[in-house]
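Data first, discussion second: the structure below is written as structure tokens.
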Amino acid sequence: MAHTFSLIDPIKRSLIIHILILELVILSFFTLSAYAKVDNLSKLLGVEESKAHLYEAKGPDWTCLDGSATIPYEAINDDFCDCTDGSDEPGTSACPNSKFYCRNVGHISSFISSSRVNDGVCEPECCDGSDEYDGKIKCPNTCKETNAEYTKKLKELEKLRTQGIRIRKEYIEKGRKIKTKNAAELNRLEIELRAAKIRVKEREVALKKIEDSKPDTEQLAPKGNRERMKKLHERIIALKGDINKLHEQIDTLLSILKDMKNNHNQNYHDMAVKTAIKAYDEFLEEYNKDMETEDGDEVEENYEDNYDDIPDKEKPQIEEPSEPSYQERFLEMLWEIKDGVLELFGLQDHKSKRYHSSSSSRDTPKELSDARDAFEEAEQEQKDIENHIDEVKSKLSQDYGLEYEFAALDNECFSYDSGEYTYSLCMFGSATQKSNKDHSSTDLGNFAKWIGAESSNDPRYYTRMLYEDGARCWNGPARSVKLYLECGADNQILSVSEPEKCEYHMRMISPAVCLDHNNDHNNHNTEHKHDEL
Amino acid sequence: MKFLFGNLKFSKASVQTKFYLFFLLYFIVSALVVTAVKRQDFKTCEQSSFCKRNRAYADRLTANHSLISHYSVIQDSIIIKDGIISGDLINSENNLIFIFELHLLEIGAARVRINEKNPLKPRYDKAKDWALIQDPSYTLEYTLISSKPDVTSLSFGKERKQAVSIYHSPFRVEFLVNDVPIITLNDRGFLNIEHLRKQVAPGLVDQSNGENDKIIDDENDLDKGLWKETFNGKEDSKPNGPESIGLDISFPGFSHVYGIPEHASSLSLKETRGGDDSYSDPYRLYNLDVFEYEVDNPMALYGSIPFMMAHRKGASAAVLWLNAAETWIDITKNKEDKHRLSSLLGFGKLTPTSTSAHWISESGVIDVFAFLGPTTSDIFYQYGLLTGFTALPQSFAIAYHQCRWNYLNQEDVAEVDENFDKYDIPYDVIWLDIEHTDGKKYFTWDTVKFPTPEKMQNNIGIKGRKMVTIVDPHIKIDDNYYIYKEAKDLDLFVKEPDGRVYDGCYVNTGSSSWVDFTNPSAQEWLIKKFAFDQYKGSTEYLFTWNDMNEPSVFNGPEITMPKDLIHHGGWEHRNLHNIYGIAYHSATSKGLINRSNPPRRPFVLSRAFFAGSQRYGAIWTGDNFAKWDHLAIATPMLLTIGISGLPFSGADVGGFFGNPDTELLVRWYQAGAFQPFFRAHAHIDTKRREPWLFGDPYTGYIRDIIRERYALLPLWYTLFHEASTTGMPIIRPMFTVYPEDEETYAMDDQFFVGNSLLVKPIVNEGQTSTEVYFPGNEIYYDYFTHKKVHGSGKVQIEAPINKIPVFLRGGSIVPKRQRIRRSSAAMRTDPFTLLIALNKYVNDGETYDYEKGHFIHLQFKFSKRKLFSKPLSLLNNDENLYAQSISSVRVERIIVLGLDLKPKHIYADCIDGSKIKRELQFGLPTTNSANVVIIKGTDLLITE
């Protein structure tokens with residue numbers, strides 16, 4: 001204790017601040033192996049062959065390649081950075097911006113950043129081991145093995161790529177056919193549509209003609225339909241029963257949630273629980289308001305007493321609420337049924353109102369009903385054709401890639417079993433996650449767009465797909481999938497990960513992205529090859 | 001069917017209502033975010049019965065000026081022997097006898113201990129076993145000045161400059177330096193020791209120990225909670241009844257006090273009993289896991305160091321209140337000084353401002369250390385000698401750490417690792433949070449996600465990098481889990497009062513038990529668990545992170561253990577709560593040391609801490625928030641922790657909760673690069689935020705500042721060495737560097753790294769310039785541009801988004817390494833660059849004398865236009881293996897700022913006397929910048 005105590009005084013003196021004192025401590029626990037200082041490095045160390053002539057001695061001085069300074073020739077590779085472009089230190093780590101050239105005889109030569117020279121790590125890019133020469137570590141020359149492995153792998157890859165390219169060509173061909181077929185289909189449908197429109201017009205005119213020739217008759221519902229009406233009424237009663245049942249279930253759920261709210265452990269800091277409770281409170285507030293204005297009995301009485309007495313003008317203009325509550329959805333359903341009932345008897349719908357008098361009349365002439373049927377049939381036909389056209393148009397406007405190669409995969413589905421979940425993804429369709437335990441399924445989103453690059457002219461544009469607007473996460477965003485496509489001889493999802501909550505990444509191989517190098521103007525794929533080394 | 005229409009109409013309306021509701025909710029939620037912490041989860045003083053009682057005790061004395069302390073020294077009981085002054089005290093209220101001891105210590109401090117003379121049973125007194133490196137030795141360097149009936153005075157220390165006076169009635173202890181009082185105990189008479197007693201029925205007279213106690217009145221508010229108290233529906237059984245201790249410790253003449261971490265509060269502590277900008281509650285020390293903590297608040301956080309320092313012109317003093325129970329500290333500043341007993345009784349002089357702290361602990365004995373300075377560095381050293389100095393970490397530990405809850409699997413780890421290389425951003429350590437385990441069973445791996453952990457670690461290890469995995473103290477109850485099974489079989493768990501093993505809850509594991517690390521067998525057991533053959537899948541590249549060691553117990557009162565749980569030796573948890581964390585940290589740290597032979601330096605990050613935690617590793621400020629105010633508060637928090645003996649600390653870069661925008665993240669990296677522990681971390685619900693995800697220019701800004709950290713690693717390492725031998729903080733409050741400049745006393749938004757770099761982090765959104773205070777009559781240089789700063793005092797400084805204001809103080813030499821590689825290990829043999837910033841005045845210096853060892857310790861001195869290098873360690877000693885191993889490492893470059901004339905020649909003098917002419921490379925001197933001279937030194941070996 002006394003020994004260390006004596007240190008107090010020097011410490012005090014260290015506060016004399018006008019003295020320039022630095023203490024530098026270098027400590028290490030690393031393996032204490034001495035290594036040799038490297039003197040007189042070759043001036044050509046780290047220089048690629050094509051630039052060797054720039055490093056020849058042409059006198060006592062040497063000028064940096066960028067002309068920034070003239071230095072003694074001896075200062076090349078002296079482990080001190082003299083040139084702003086780093087050209088005086090091709091073989092050392094002195095200049096942060098220089099590159100070291102690994103000859104890699106027997107394999108492909110390469111450049112590494114100067115910061116990797118003598119850093120104690122054998123760079124895989126320098127199979128000749130030339131990047132570590134200060135004795136800290138011995139890097140064996142593995143170029144022979146590396147090259148053999150590389151060549152083998154390259155061959156395999158080339159084989160797959162060749163296959164992929166061939167299949168892609170088939171896809172393109174198939175795509176072209178699909179495109180042509182769709183275009184022809186569209187053409188055909190448009191002709192059909194024109195015909196259908198004419199037909200509708202004709203039949204409408206015919207119908208009007210018959211209607212105009214008949215006087216108005218009574219507006220009573222046919223008595224013979226009483227029976228059907230009774231059935232529908234029963235159906236309504238049954239639905240009301242369902243509503244009551246659902247009410248009970250809601251009550252049960254509410255009581256579960258209430259228990260959770262009251263009894264959960266606040267100390268768990270579970271964001272999911274917090275969010276759920278917040279959502280529950282919000283729901284409850286609205287739910288209670290809804291319930292105040294609702295009376296179950298009223299449904300029955302009102303309905304039973306008045307179902308056919310509703311004046312049409314009282315029918316509300318229903319505006320779709322952004323998020324219909326369960327009640328609203330049920331009421332909507334009831335409305336549909338009611339509409340069905342009413343329409344059936346010609347009591348409603350201004351379209352039918354115009355001729356309900358005659359249609360509901362028992363003695364409607366066959367002529368009239370036939371004309372009406374014919375008109376309605378023509379109208380339906382037109383609608384069908386229009387729908388079909390929309391469908392074909394949307395297919396035609398879908399972005400199926402550079403050469404329409406992805407059309408062949410449209411709606412093809414692929415799956416991947418991760419152990420806990422099975423993921424499946426349908427091209428241009430939807431992605432889902434299915435639990436392998438309870439088979440519950442979660443929507444991960446639908447195809448939205450290509451996101452491989454900024455511009456669709458960039459071939460990488462068609463290597464990444466975004467699927468979005470899947471089921472919303474608790475306390476998180478809607479689930480989405482980024483699909484990364486790589487060249488392969490078949491279509492297969494290789495891996496699925498969730499790097500951050502609710503954002504899934506899938507890696508997939510597909511021939512559709514196998515581009516032919518020879519025809520490829522962009523050097524992306526050649527770079528890619530380097531990455532694979 | 002009318003109802004249908006009505007209902008539908010309503011639905012339509014409700015859409016609108018919902019809209020409004022949404023906005024309303026939005027505002028409520030926004031407002032709530034500000035106070036996200038669940039205050040109701042944590043006690044106020046009012047809700048903690050002993051705090052309330054002691055505050056009321058203080059109020060009684062304060063309100064009635066004629067009241068003085070009930071405690072006085074019993075006549076003739078004082079004995080002075082071998083550096084110990086001891087005596088008996090009597091409490092005039094109940095006639096109970098207490099024993100006090102005053103130890104004069106060799107380290108330039110004194111210790112005061114007060115305990116019951118005949119307690120019903122022993123009071124807890126083991127906090128010292130965890131906080132102190134050993135029982136401090138007594139000094140024999142003292143002289144009795146006076147021994148009168150009313151006062152006993154001694155001077156001590158070699159020069160007898162320190163003195164202590166014990167006033168007898170009322171009992172009061174005053175410490176003086178150069179005859180000026182700097183610390184006074186019981187000046188305000190708040191000394192209060194609730195004696196241990198037997199429980200009596202309400203309404204009866206408590207006659208334990210035969211004294212005259214007042215009648216226990218169940219209706220009396222203050223008597224509630226004596227034998228049982230309930231908080232948030234959780235009952236504390238309190239079988240020992242009241243046993244609190246309280247004492248006021250005043251710093252006469254000091255208007256600023258610091259310390260008592262951990263609080264999200266200012267460096268200079270605020271008043272808590274009225275006054276401007278004061279808190280209503282005392283500062284609380286009770287290690288707690290506080291979710292989304294609030295800034296500018298005296299609430300307890302994850303760690304506790306009951307150390308308080310006071311500073312004024314010409315004097316510094318400090319105290320350590322050595323107690324591990326729940327502790328509250330009320331702070332008052334008194335301008336009139338009317339409550340001081342000394343002024344009431346006519347002693348001493350009135351001082352302009354005095355600061356007084358009322359320390360209140362739930363149990364234990366009074367054990368106070370008084371550090372008498374006189375300078376802050378003396379105090380850091382004295383405190384370090386007592387509680388230990390920072391363990392010198394391995395170099396990777398002070399480099400950059402990349403963490404996230406959670407890196408998903410080995411592929412994810414490999415990808416993150418590769419991306420750092422790809423984007424040319426150095427990093428040293430990648431961290432795995434709880435998801436790496438098999439069902440949150442620590443010491444295990446999720447074998448699907450991490451099938452080959454050794455391979456994974458080796459892959460990063462060969463690049464000079466490391467990995468850290470989390471190991472938490474809650475142990476999942478599962479007989480198939482070997483850790484649980486062993487701990488159960490060895491009977492190591494914390495117990496319920498009835499003897500059953502405590503079964504608490506941790507959200508991710510469900511039912512858990514907690515090992516009692518205060519049990520020596522548990523320490524021994526845990527240490528073994530880190531052996532490579534025990535912790536399967538661990539390698540020499542793997543280090544450890546201790547989280548949740550407050551302990552955090554999700555279903556416990558205040559999210560921690562019930563106080564009536566039983567630890568080793570039958571001690572209740574309430575006695576030792578604040579040392580649970582250090583006990584765990586200590587065992588983990590020792591486990592890592594012992595796993596290799598020869599032992600290697602460990603790295604263990606802990607969230608909980610106590611006095612002495614610096615011996616075991618680093619700490620961080622817990623679960624902060626990605627908000628600007630959390631970035632801002634990190635500076636005062638870390639400065640406070642640093643001056644409390646624990647300099648190795650950091651705050652999660654980016655903020656743990658929430659998603660920082662790019663500006664906040666860049667600013668946070670800039671601040672973090674100048675904090676001792678530099679780690680980015682993020683909650684599982686947040687977006688990914690690895691540096692390359694933001695695109696340029698932001699990724700570039702982050703890359704630049706991380707690289708700057710690596711360039712400065714030699715400086716950081718040197719500062720860690722200094723901390724490990726002298727106790728000096730690594731980042732230093734302004735007042736510790738400029739102790740005479742009163743402007744700096746409350747300054748906590750700028751600080752020094754060592755004594756050479758002045759740093760002011762930008763902590764406001766959109767801010768691009770800031771006012772920096774340049775103290776002293778010294779020259780400062782912009783660290784990045786090397787330009788001289790014009791003016792002194794407050795100067796407006798530009799701080800665009802890519803720049804953190806950092807200044808090099810004239811008169812300093814900063815060692816750097818300018819070759820940035822992918823990890824600190826890859827840079828270990830790289831040459832150094834010395835950055836020399838000249839001041840106007842250049843003097844000769846004096847040298848240090850240090851221990852010798854396997855390291856290189858050089859002192860560089862620039863004087864009379866010469867740079868001297870003096871080895872402080874033996875360089876050419878065959879024993880110094882490290883010096884041999886880096887014998888070819890050299891100084892490649894010396895940059896001199898502020899030379900008025902360009903030198904013509906530069907010479908290097910070598911040990912052998914030969915003179916070598918050096919080449920010169922001149923920087924371009926401009927009118928605004930300091931003259932910059934760069935000296936190329938291609939063969940100046942560091943060991944020459």
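Quick note on labels: first sequence line is chain A, next is B, and so on, each numbered from 1. As the structure is a computational prediction, the values presented were derived from the model and not from experiment.
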Subject >> Test: R819(B) and D79(A) ion pair at under 4.0 Å >> reply: yes

Original post:
Distance from E411(B) atom CD to S497(A) atom OG, nearest 0.5 Å?
Top reply: 9.0 Å

Original post:
Nearest heavy-atom pair of I462(B) and V121(A): which atoms, and what distance?
Top reply: O-CG2, 3.3 Å

Original post:
Looking only at heavy atoms, which two atoms of K501(A) and I684(B) are closest? And how far apart?
Top reply: CG-O, 3.8 Å

**OP:** Mind listing the closest non-hydrogen atom pair of S93(A) and D830(B) along with its distance?
**Re:** OG-OD1, 4.5 Å

Original post:
Got a second to check how far C81(A)'s SG is from Q818(B)'s CD, nearest 0.5 Å?
Top reply: 10.5 Å

**OP:** Measure S114(A) against the heavy atoms of chain B and call it side chain, backbone, both or neither at under 4.5 Å.
**Re:** backbone

Original post:
Just how far is it from atom CG of D424(B) to atom CZ of R116(A), taken to the nearest 0.5 Å?
Top reply: 6.5 Å

Original post:
Can you say whether A69(A) sits under 4.5 Å from chain B via the side chain, the backbone, both, or neither, judging by heavy atoms?
Top reply: neither

**OP:** Heavy-atom distances under 4.5 Å only: say whether L719(B) touches chain A with side chain, backbone, both or neither.
**Re:** neither

Original post:
When rounded to the nearest 0.5 angstrom, what distance separates CG in D421(B) from OG in S113(A)?
Top reply: 10.0 Å

Original post:
If you tally heavy-atom pairs under 4.5 Å against chain B, which of P96(A), A94(A), G419(A) wins?
Top reply: A94(A)

Original post:
Any Lys/Arg nitrogen of E123(A) or R822(B) sitting under 4.0 Å from an Asp/Glu carboxylate oxygen of the other?
Top reply: yes

Original post:
Would you say the side chain of R688(B) lies within less than 4.5 Å of the side chain of E503(A), judging by non-hydrogen atoms?
Top reply: no

Original post:
Tell me, side chain or backbone of L408(B) under 4.5 Å from chain A's heavy atoms, or both, or neither?
Top reply: side chain

**OP:** Kindly indicate whether the side chain of R404(B), heavy atoms from C-beta on, has any atom under 4.5 Å from the side chain of E500(A).
**Re:** yes

**OP:** Rounded to the nearest 0.5 Å, what's the gap from CE on M827(B) to CG on N118(A)? Could you check?
**Re:** 14.0 Å

Subject >> Residues, nucleotides or ligands: over 12 heavy atoms within 6.0 Å of E415(B) CD >> reply: no

Original post:
For T686(B), is it the side chain, the backbone, both, or neither that has a heavy atom closer than 4.5 Å to a heavy atom of chain A?
Top reply: backbone

